[in-house]
S.K.: 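Okay, here's the structure, questions in a sec.
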There are 2 protein chains.
Amino acid sequence: MPRAKSSSRTELVDNALKTFWTTGYHVVSMGDLVRETGVSRGGIYSDFAGKEALFHACLHRYQDRVVTPVFAQVEAEGAGLEAIRGYLDRLLARFEANQGFGIGCLVLNTLAQIAPEDQQTRALLDQHITRLATGFRNALTNEAATAGGLDENELQALTEFTLISIHGLWSFSRTTADVTLLRQYCEIFLDLLQTRLHSPQAQAR
Amino acid sequence: MPRAKSSSRTELVDNALKTFWTTGYHVVSMGDLVRETGVSRGGIYSDFAGKEALFHACLHRYQDRVVTPVFAQVEAEGAGLEAIRGYLDRLLARFEANQGFGIGCLVLNTLAQIAPEDQQTRALLDQHITRLATGFRNALTNEAATAGGLDENELQALTEFTLISIHGLWSFSRTTADVTLLRQYCEIFLDLLQTRLHSPQAQAR
DNA sequence: CTTGTTTTGGAATGATCGTTCTTTTAGCAT
DNA sequence: ATGCTAAAAGAACGATCATTCCAAAACAAG
């Protein structure tokens, strides 16, 4: 009969996630992971095929533990612009909770440092980005519907605009300790969405 | 009497820059650099203290060879919104010239993957971001002056907004091969700047 | 307590890293 | 041509990497 594991393996992934997130995949060594997780080399390799497999597990855990809590409301049925505002508020609160420079988003950090030939990891990152895009499109579509609706092209453009803005927010959060700047950005961004969604004539070019 | 070097060392840095840019600092090995630059290990170490010193030289070269050609017009005296539009056009043209996913900006890529304790590299990256911020503020200030002027706070907010938008553009360019999306984003972004700079009443909250 | 099984901690391993060093090659002055 | 000097090439080095393996500890069952 299998014995219960003394240290739950959810902790292993949680601690590995934190280490990968703050330090970056390539910089983290197995020795670092052993030290930070408190699990021996044998223990890690008994549950994961290797460093990369553990990292992939961390990417999934990141989705569940980090992304879902702040993003689920945007994905919810009936979500609108208020849901997007709430998402940004939660991001800003998270930025504020940390001191000093931010550590950014694990997915976007990884995207900037994976080897070009690492298709498997890239696929996982693409999944994350697709998830965000789908969520934002959901909220934007709902919001536009309350104001008479927008054509598909404009909706797609606003979805991409939102996605790119979020990329910028995460990227820039790594360079500043001043959350006020990020908050100002979010205000301008939300104003723009509000205008584009509710005053479609304003977007004529 | 010293002999003239057979292969100019500007080529060494140029080729190393390309390698670091496409592959990322930590993934690139000295063996890769030897192969990609055509310069032997001895040759590299005779000119640079090590891998990190060579990389720092590449960051400087990146400024001269990549950033300055597309950004100098924004930094020029009298630059305005047109200069920012031109900068974006040159970025988009660069995206379009490449096929497949983009490789992003060397500075922003590096920012996402340096070890937390690498203060020296971080300082170089901060210099780049400060340069961009200063350039954008220059152009935005000039442009606002033609329309009656904006207060310092609003100008600062627009500068940061521009900076964050550029971060988003570079980051997202790594995830898509469709330059049309990036172009749409730029259009919306420029519209926003135009509105904020020339219709200050629109920004009342 | 004893036995059988599982997990653990860390030594061992082969590969690869950044760096150094030695040998070979090539250029210039005499 | 010859001797001198400096650069080029890559072999060699120690350190460190991810991974494997094994002996010892910890637990469950009898």
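Computation of the quantities below employed the complete heavy-atom set of this structure, encompassing side-chain atoms and omitting hydrogens, waters and symmetry-equivalent molecules. Bear in mind that the values here come from a model prediction, so they are computed numbers and not experimental data. Each chain gets a letter, A, B and so on, in the order the sequences are listed, and its residues count up from 1.
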S.K.: Take atom NZ of B:Lys51 and atom C1' of C:dT20, then tell me their distance rounded to the nearest Å.
M.R.: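 Interatomic distance, NZ of B:Lys51 to C1' of C:dT20: 17 Å.
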S.K.: Counting side-chain heavy atoms from C-beta on, which of D:dC17, C:dC17, C:dT19 comes nearest to B:Tyr45?
M.R.: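 Per side-chain heavy atoms of B:Tyr45, the pick is C:dT19.
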S.K.: Take atom CZ of A:Arg35 and atom P of D:dA18, then tell me their distance rounded to the nearest Å.
M.R.: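 Going from CZ in A:Arg35 over to P in D:dA18 covers 12 Å.
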S.K.: For B:Thr180 and B:Asp178, test the side chains for any donor-to-acceptor distance below 3.5 angstrom and give the result as yes or no.
M.R.: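 Result is yes, a qualifying pair exists.
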S.K.: Within this structure, what is the CG-to-P distance between A:Leu12 and C:dT8, rounded to whole angstrom?
M.R.: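 Rounded to whole Å, this separation is 10 Å.
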S.K.: Provide, to the nearest angstrom, the distance between the CD1 atom belonging to B:Ile44 and the C1' atom belonging to C:dC17.
M.R.: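 Answer to the nearest Å: 14 Å.
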S.K.: Over how many whole Å does the gap from B:Asp47 atom CG to D:dA7 atom P extend?
M.R.: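 Checked: the CG to P distance equals 9 Å.
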S.K.: Is it the case that atom CD in B:Gln73 sees more than 12 heavy atoms from other parts of the structure closer than 6.0 Å?
M.R.: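 Check fails, neighbour count at 12 or below.
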S.K.: Expressed as a whole number of angstroms, how long is the span from B:His26:NE2 to D:dA18:P?
M.R.: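 Whole-Å distance recorded here is 13 Å.
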S.K.: When the ring planes of B:Phe55 and B:Tyr25 are compared, do they come out parallel, tilted or perpendicular, using 30° and 60° as the limits?
M.R.: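 Ring orientation, 0 to 90° scale: tilted.
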S.K.: Rounding to an integer number of Å, can you tell me how far B:Glu52 CD sits from C:dC17 C1'?
M.R.: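 Between C1' of C:dC17 and CD of B:Glu52: 15 Å.
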S.K.: List the steps, then state whether ring-ring contact (aromatic ring centres under 6.0 Å, His included) holds for A:Phe136 with A:Phe71.
M.R.: CA-CA 9 Å; A:Phe136 284 132; A:Phe71 195 64; 5.2 Å; yes
S.K.: Rounded to the Å, how far apart are A:Phe48 CZ and C:dT7 P?
M.R.: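 Distance, rounded to whole Å: 14 Å.
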S.K.: Please list, for nucleotides 9-13 of chain D, all pairs of protein and nucleotide N/O atoms separated by less than 3.5 Å.
M.R.:
from	atom 1	to	atom 2	distance (Å)
D:dA9	N7	B:Ser40	OG	3.4
D:dG10	O6	B:Gly42	N	3.4

S.K.: What does A:Val28 touch in the nucleic acid at a heavy-atom separation under 4.0 angstrom: a base, only the sugar-phosphate, or nothing?
M.R.: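 Result for A:Val28 = sugar-phosphate.
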S.K.: Are B:Arg122 and A:Phe101 in a cation-pi setup, meaning NZ or CZ lies under 6.0 angstrom from the ring centre and within 45 degrees of the ring axis?
M.R.: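 Pair B:Arg122/A:Phe101 counts as cation-pi.
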S.K.: Assess whether a salt bridge exists between A:Asp64 and A:Arg61, defined as any Lys/Arg side-chain N lying under 4.0 Å from an Asp/Glu carboxylate O.
M.R.: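 A salt bridge is absent here (no side-chain N lies under 4.0 Å from a carboxylate O).
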